[in-house]
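Residue numbers start from 1 in every chain, and the chains themselves are labelled A, B, ... in the order their sequence lines are given, proteins ahead of strands.
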There are 2 protein chains.
Amino acid sequence: MRLSHLEKTCQEKGLRMTTQRRVIARVLSVSEDHPNIEEVYKRIQQVDPKISLATIYRTLRLFQEEHILKRHEFGDGIARYENASVEHHHHLIDKGTGQIIEFYDDRIETLQQEIAKSLGYELVGHRLELYGVPLTKDKKKKS
Amino acid sequence: MRLSHLEKTCQEKGLRMTTQRRVIARVLSVSEDHPNIEEVYKRIQQVDPKISLATIYRTLRLFQEEHILKRHEFGDGIARYENASVEHHHHLIDKGTGQIIEFYDDRIETLQQEIAKSLGYELVGHRLELYGVPLTKDKKKKS
DNA sequence: CTAGCTGCAAAGAGTTTGCAACTGT
DNA sequence: ACAGTTGCAAACTCTTTGCAGCTAG
């Protein structure tokens with residue numbers, strides 16, 4: 001059987017591949033959104049209902065420490081995960097629907113580096129989230 | 001006795017001013033950092049050890065809802081508060097010491113507006129945090 | 001006077017952990 | 001074989017809440 005992208009990454013890192021980890025890796029490999037633990041648990045249960053929540057917590061933490069997954073916390077304080085292999089980007093969260101839109105802008109990146117440097121720091125990480133509401137036609141016209 | 005800045009704000013908003021709220025408002029008025037609840041509790045206890053943690057939670061939430069305080073969560077997921085009357089700014093967190101440096105940059109603000117608009121959204125909020133390590137002399141020279 | 005606030009202790013949400021049984025390598 | 005992993009339930013941390021008594025306006 002074909003290995004999922006995340007399973008392959010796990011192997012490269014020399015992680016012991018248990019049934020549970022395989023399932024978790026596969027489920028997250030095909031996830032293109034930003035599920036929280038509860039959501040991950042639900043998806044896992046569709047595949048193997050015997051996997052416990054504790055294992056999911058442990059595995060997601062492990063994957064995060066191994067930089068296989070990225071952990072986010074958007075506003076609500078609930079941990080959400082996404083595949084770390086996707087290229088660097090930020091998130092715009094729709095305040096109404098909660099929908100998450102990914103974006104990347106080079107100018108922001110450069111500016112952040114610059115700001116950090118001017119404060120006497122080397123930038124080692126950053127977090128940027130925009131919260132917005134859809135532009136109405138009216139507002140679009142005005143602008 | 002002179003009212004603290006935050007006490008005044010509370011009165012303007014028509015909040016009932018209990019002893020506890022006064023103490024909490026005063027302690028936060030003189031705080032120029034970003035204390036978490038535990039830290040706020042400690043400071044409160046120096047002034048009036050009988051004020052309960054529950055009251056502090058309730059009051060900080062109230063103050064936040066009234067836009068008297070701003071709540072932040074930097075990386076660690078612990079709520080931190082700061083006086084909302086300070087002007088808009090972002091934070092650079094020193095990864096080594098945890099020290100928090102405030103900064104403001106107009107170009108970032110403009111860029112964010114622009115990005116949101118280009119995605120079809122009106123920007124209603126944002127969060128930006130930089131994480132850095134102090135530049136060493138070496139690195140300073142190189143740059 | 002009384003609506004709203006407080007302190008206490010108990011409950012809740014989300015997450016971690018101790019331990020005995022189990023399993024990948 | 002055996003170090004590392006799992007499932008379970010209990011523990012933990014941070015935060016909220018029910019309730020009886022208290023207090024600002």
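Under the 4.5 Å side-chain contact rule for hydrophobic residues, Leu130(A) and Leu111(B) share a cluster.
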Review item, nucleotides 9-14 of chain C N/O atoms under 3.5 Å of protein N/O:
none

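The separation between Leu60(A) atom CG and dT5(D) atom C1' is 15 Å, rounded to whole Å. One interatomic measurement links the two molecules: CG of Leu62(A) to C1' of dT17(C), which rounds to 16 Å at whole-angstrom precision. In this structure, CD of Glu39(A) is placed 18 Å from C1' of dT15(C), rounded to the nearest angstrom. If you measure from atom CD of Glu66(A) to atom P of dT5(D), you get 10 Å, rounded to the nearest angstrom. What separates CZ of Arg71(B) from C1' of dT16(D) is a distance of 12 Å, to the nearest Å. In this structure, Ile56(B) atom CD1 and dC14(D) atom P are separated by 15 Å, rounded to whole Å. We find that CD of Glu7(A) is positioned 14 Å from C1' of dG24(C), with the value rounded to whole Å. Per the geometry, CG belonging to Asp48(B) stands 12 Å off C1' belonging to dG7(C), to the nearest Å.
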> Can you give one letter per nucleotide of nucleotides 19-25 of chain D, 5' to 3': B if a protein heavy atom sits under 4.0 Å from the base, S if only from the sugar-phosphate, - if neither?
Replying inline: ----BBS

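Val30(A) is linked by a side-chain contact (heavy atoms from CB on, under 4.5 Å) to nothing, counting only residues two or more places apart in sequence or in another chain. Partners of His126(B) under the ring-ring contact (aromatic ring centres under 6.0 Å, His included) rule, at least two apart in sequence or in another chain, are His88(B), His90(B). Taking Ser52(A) as the reference, Ala54(A), Thr55(A) meet the side-chain contact (heavy atoms from CB on, under 4.5 Å) condition, with sequence neighbours excluded.
Contacts classified as salt bridge (Lys or Arg N to Asp or Glu O under 4.0 Å) and involving residues 55-70 of chain A (residues at least two apart or in different chains) are given here: Arg61(A)-Glu65(A). Among residue pairs with one or both ends in residues 45-71 of chain A, none qualify as ring pair (Phe, Tyr, Trp, His ring centres under 6.0 Å); sequence neighbours excluded. The stretch residues 80-98 of chain A participates, sequence neighbours left out, in no salt bridge (Lys or Arg N to Asp or Glu O under 4.0 Å) pair at all. Pairs engaging residues 10-20 of chain A under the salt bridge (Lys or Arg N to Asp or Glu O under 4.0 Å) rule: none recorded [sequence neighbours left out].
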Enumerate, atom names and distances included, each donor-acceptor pair closer than 3.5 Å involving a side-chain atom of residues 4-11 of chain B, sequence neighbours excluded.
unit_1, atom_1, unit_2, atom_2, d
Ser4(B), OG, Glu7(B), N, 3.2
Ser4(B), OG, Glu7(B), OE1, 3.1
Ser4(B), OG, Ser29(B), OG, 3.3
His5(B), NE2, Ser85(B), OG, 3.3
Glu7(B), OE1, Ser4(B), N, 2.9
Glu7(B), OE1, Arg26(B), NE, 2.9
Glu7(B), OE2, Arg22(B), NH1, 3.2
Glu7(B), OE2, Arg26(B), NH2, 3.3
Thr9(B), OG1, His5(B), O, 2.9

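Of all heavy-atom pairs between Tyr41(A) and Leu53(A), the closest is CG-CD1, 3.7 Å.
OP1 and OP2 of dT6(D) both lie 4.0 Å or more from every side-chain N or O belonging to Ser52(A). Regarding contacts with the backbone of dT17(C), a side-chain N or O of Arg61(A) is found under 4.0 angstrom from either OP1 or OP2. Contact annotation: Gln20(A) does not reach the phosphate of dG24(C) (side-chain N/O to OP1 or OP2, under 4.0 Å).
Cluster partners of Tyr104(B), using a side-chain heavy-atom cutoff of under 4.5 Å among ILVMFWY residues and allowing indirect links: none.
Axis orientation changes by 40° from one end of the helix from dC1(C)-dG25(D) to dT25(C)-dA1(D) to the other, with each end axis drawn from 5 pairs and the value rounded to 10°.
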